[in-house]
Trainee: 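Take a look at this one; I'll ask things after.
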Amino acid sequence: MIAAEKTLDECKELLKQRGEQYGDAGELYDRTSYYWTAFLGTLVKGKDVCTMMSLMKLARLDQTTDPVVKKDTYQDMINYIALAEGLDK
């Protein structure tokens, strides 16, 4: 299995685990968007929350050289972008 396929498989498993821990991701990010909208005073949608969280993860990559942290961060970024695409309906 090539590295990219392995990473995507791990990301799918991580999404499943997080869903079991925290519940429906769409509901979570829609709820988060409500709070961010109130705080910022501008409309934020669930897909925007996911996109901005992936940008936060990108910033984290600039601050670490730890390969374990990098792997986890890349997986989180992949999942945030996948969730954003799913909420962009």
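The first residue of the sequence shown is numbered 1, and numbering continues consecutively from there.
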Trainee: Compare every heavy atom of Leu61 with every heavy atom of Lys70, then report the nearest pair and how far apart it is.
Mentor: NZ-O, 3.6 Å
Trainee: Hey, any chance Met52 and Leu83 share a hydrophobic cluster, counting ILVMFWY side chains that come within less than 4.5 Å of each other, even indirectly?
Mentor: yes
Trainee: Any chance you could measure Glu5, atom CD, to Ile2, atom CD1, to the nearest 0.5 Å?
Mentor: 4.0 Å
Trainee: Spell out, yes or no, whether Phe39 and Leu28 are grouped together once hydrophobic residues are joined by side-chain heavy atoms under 4.5 Å, including indirect joins.
Mentor: yes
Trainee: Can you confirm whether Thr42 sits close enough to Thr37 that some side-chain heavy atom of one is under 4.5 Å from a side-chain heavy atom of the other?
Mentor: no
Trainee: Which pair of non-hydrogen atoms, one from Gly26 and one from Leu87, has the smallest distance, and what is that distance?
Mentor: CA-CD2, 3.7 Å
Trainee: Check whether any side-chain heavy atom of Tyr80 sits under 4.5 Å from a side-chain heavy atom of Met56, and report yes or no.
Mentor: no
Trainee: With the 4.5 Å side-chain cut-off for hydrophobic clustering, are Tyr29 and Leu43 part of the same group?
Mentor: no
Trainee: Using a cut-off of 6.0 Å, state whether more than 12 heavy atoms not belonging to Lys12 lie near its atom NZ.
Mentor: no
Trainee: Hey, could you give me the CZ/CG distance between Arg31 and Asp24, rounded to the nearest 0.5 Å?
Mentor: 9.0 Å
Trainee: Hey, what do you get for SG (Cys50) to CG (Asp88), rounding to the nearest 0.5 Å?
Mentor: 10.5 Å
Trainee: We want to know whether Gln63 and Arg60 form a side-chain donor-acceptor pair, criterion being a heavy-atom distance below 3.5 angstrom.
Mentor: no
Trainee: Starting at CE of Met53, measure out to OG1 of Thr32 and round the result to the nearest 0.5 Å.
Mentor: 8.0 Å
Trainee: Closest approach of Ser54 and Ile81, non-hydrogen atoms and distance?
Mentor: OG-CD1, 3.4 Å
Trainee: Run the salt bridge (Lys or Arg N to Asp or Glu O under 4.0 Å) check on Lys47 and Glu85 step by step: do they pass?
Mentor: CA-CA 7 Å; Lys47 68 176 183 149; Glu85 190 276 333; over 6 Å; no
Trainee: Measuring from Asp48:CG to Trp36:CH2, what's the distance to the nearest 0.5 Å?
Mentor: 9.0 Å
Trainee: Lys57 and side chain to side chain donor-acceptor pair (under 3.5 Å): which partner among Asp72, Thr73, Asp76?
Mentor: Asp76
Trainee: Please report the interatomic distance CG(Leu58) to CE(Met77), rounded to the nearest 0.5 Å.
Mentor: 4.5 Å
